[in-house]
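As the structure lists them, so they are numbered: ligands from 1, and atoms in each ligand from 1.
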Amino acid sequence: METRRFFLEQKDMPTHWYNIQADLPEPLPPMLHPVTKEPLTPPDLAPLFPMELIMQEVSQERYIDIPEEVQEIYRTWRPTVLHRAYELEKALDTPAKIFYKYEGTSQGGSHKPNTAVAQAYYNKKEGVKRLTTETGAGQWGSSLSFGCMLFGLELKVYMVRISYDQKPYRRIMMETWGATCVPSPSPDTKAGRDMLEEDPDCPGSLGLAISEAVEDAVMREDTHYALGSVVNHVLLHQTIIGQETMMQMEMAGYYPDIIVGCIGGGSNFAGMYLPFVKDKISGKKPDLRIINVEPESCPTVTKGLYAYDYGDVAMMAPIAKMFTLGHRFIPPPVHAGGLRYHGMAPIICHLHRLGFVEAVAVPQIATFEAGVQFARTEGIISAPETNHAIRVTIDEALKCKETGESKVILLAHSGHGHFDMAAYEAYLSGNLIDYAYPEDKVKEALKSLPEIPAT
Ligand SMILES: Cc1ncc(COP(=O)(O)O)c(C=O)c1O
């Protein structure tokens, strides 16, 4: 009998998060204040985040304890299962061994609750009453709604307009858990009103929705802001994925040769690979390949500049050293709403610069082709974001077929696509389109990078 699924007991769930900062060969470049352009200090971030999250952001400790209350909630869906994709392997007729860690069984349907629950917990502990946030595809907004519901916090979500229109059911999920959700740009903030004046039909972007959520949070004493990706503490919370997977791969008797995942801001995939990249940095697994997959229409790492840039359109969020397409870049309206961000997690960018991870960009139609093949073999209908990772997993498995190598490929499967039927319908009816790399728009947006004084 083939073992198709690898389970961990609840008692085996990791009780700490892994902090890569302790093992980086060179420290991360500091984040800068959006106004002074000086390195950020913890008090600068206090209007936005609770102090425990701010300290996690800069911590150099290798392991950070997961609070008992957060562990208890994690155990309502964790540990998640590691699957062996036998049916996909058979259909591809590949000697490769494909594994996938499936995060779609959380209440929100993706990896996002791993950090949503933790962030809601720390805010509640600090006495915060209300949170604001942005959401792209709605996965993050719905997960934070779930987290806020658990801890009795009020939540307002600014949802990128194009996704708000494409995915009404995500909004209804947020409302069911008790949150308020408005399309961004909205008339509720100055950042939103300015954009609506410039372009009343603006489809929105994550960078703009962040501006609205940050503006709302800093205007009110009782409110903090929560971010669903990009920053260090969010990646930290997601490392529970990789730590569980390491144990499960050991149960399966393999160590991956290639790890593949999609990157929007970078949280799900970094959460998977940071515990593994440690082995690459230490020289224990020098040949391990880690492939970050992004959309061709928003090719942040593959075509962006490595530079200091604002995290949002209105230049209110911290300035980070990252690959960027320019904070004013509005990506084309691809269905993978969670991958439409101009920047990228500084940790991922740093590891890419140091040569520990690679990146590729894939076109939209090919991702759905892969997603449908996955659904017709493994049965799971995946989020459009995840389909990017599935595309490259299949491509790598097909390369193994050509060379005859039986590599072990580990796919970070970030979530289901049950609310993305409109996108699948567009693909199945032949109406899905590919967007070329928007070179002119990127060039234009890169003109607005901040000038950073030399240190
Ligand atoms: C299912 C899914 N996967 C991936 C992403 C991309 O985000 P990140 O790169 O932070 O994991 C999102 C974002 O919304 C998502 O919903």
Side-chain angles (χ1 to χ4, degrees), residues 80 100-116 119 133-146 157-160 162-164 166-167 169-170 173-174 205-206 209-210 226-242 260-274 291-295 298 300-301 311 322-323 331 334-349 357 359 362 367 371 374 380-392 411-420 423:
T80 57
Y100 61 99
K101 172 79 162 168
Y102 183 46
E103 288 295 302
T105 50
S106 73
Q107 290 85 336
S110 75
H111 63 293
K112 298 282 180 183
N114 295 331
T115 185
Q119 293 193 48
T133 198
E134 75 292 332
T135 195
Q139 289 270 19
W140 166 240
S142 46
S143 298
L144 190 62
S145 306
F146 165 67
V157 182
Y158 293 85
M159 183 169 186
V160 175
I162 179 76
S163 297
Y164 186 91
Q166 281 173 348
K167 302 180 184 191
Y169 295 119
R170 281 272 163 205
M173 255 177 118
M174 295 180 222
S205 69
L206 275 171
I210 293 174
L227 191 57
S229 191
V230 182
V231 290
N232 305 342
H233 66 264
V234 175
L235 272 58
L236 173 83
H237 299 157
Q238 296 295 354
T239 58
I240 187 146
I241 302 174
V260 185
C262 66
I263 48 165
S267 71
N268 87 87
F269 193 35
M272 166 61 91
Y273 72 66
L274 291 178
I291 311 177
N292 296 276
V293 189
E294 57 185 12
C298 189
T300 312
V301 181
M322 58 186 176
F323 284 100
V334 287
H335 284 278
L339 306 186
R340 295 176 66 247
Y341 182 59
H342 69 273
M344 187 50 62
I347 287 179
I348 289 188
C349 300
V357 302
V362 289
T367 66
F374 194 79
I380 292 173
I381 298 178
S382 309
E385 291 81 2
T386 315
N387 285 345
H388 287 68
I390 297 174
R391 172 73 273 154
V392 173
L411 159 69
H413 194 301
S414 52
H416 69 65
H418 298 177
F419 298 99
D420 299 286

Please list the nearest protein heavy atom to [atom] with its residue and the distance rounded to 0.1 Å.
{"atom": "atom 8 (P) of ligand 1", "result": "S267 N, 3.4 Å"}
{"atom": "atom 3 (N) of ligand 1", "result": "S414 OG, 2.7 Å"}
{"atom": "atom 6 (C) of ligand 1", "result": "G338 O, 3.5 Å"}
{"atom": "atom 10 (O) of ligand 1", "result": "S229 OG, 2.5 Å"}

In this structure, does ligand 1 have an atom that sits under 4.0 Å from one of the heavy atoms of G265?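 G265: in contact with ligand 1 (<4.0 Å).
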Which atoms of ligand 1 are found less than 4.0 Å from any heavy atom of A383?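 The atoms of ligand 1 under 4.0 Å from a heavy atom of A383 are 1 (C).
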Contacting atoms of ligand 1, where contact means under 4.0 angstrom from a heavy atom of I263: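 Going through ligand 1 atom by atom, the ones under 4.0 Å from I263 are 9 (O).
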Determine whether a donor-acceptor pair (N or O, by modelled atom type, separation under 3.5 Å) exists between the side chain of [X] and the backbone of [Y].
{"X": "S163", "Y": "G136", "result": "yes"}
{"X": "Y341", "Y": "G311", "result": "yes"}
{"X": "E385", "Y": "G338", "result": "yes"}
{"X": "Q139", "Y": "K112", "result": "no"}
{"X": "E294", "Y": "T300", "result": "yes"}

L339 contact mode with ligand 1 (heavy-atom cut-off under 4.0 Å):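 L339 to ligand 1: side-chain contact only, backbone stays beyond 4.0 Å.
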N268 and ligand 1 - part of the residue with a heavy-atom distance under 4.0 Å: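 Looking at N268 and ligand 1, atoms from backbone and side chain both fall under 4.0 Å.
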Assess whether atom CD1 of I381 is packed by more than 12 heavy atoms of other residues, nucleotides or ligands within 6.0 Å.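 It does not: I381 CD1 has 12 such atoms or fewer within range.
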For atom 13 (C) of ligand 1, which candidate among E103, K112, Q139 holds the nearest heavy atom?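 The residue whose heavy atom sits nearest atom 13 (C) of ligand 1 is K112.
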Please determine, by modelled atom types, if S110 and S414 share a side-chain donor-acceptor pair under 3.5 angstrom.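 No, S414 and S110 have no side-chain donor paired with an acceptor closer than 3.5 Å.
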Is there a nitrogen or oxygen of H111 sitting under 3.5 Å from a nitrogen or oxygen of ligand 1?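 Looking only at distances, the answer is yes, because the N/O contact criterion of under 3.5 Å is met.
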Give yes or no for whether the N/O distance cutoff of 3.5 Å, strictly under, is met between G266 and ligand 1.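 The answer is yes, given that G266 and ligand 1 share an N or O pair closer than 3.5 Å.
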Side-chain touch Y102/T80, heavy atoms, less than 4.5 angstrom: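 Side-chain contact under 4.5 Å: no.
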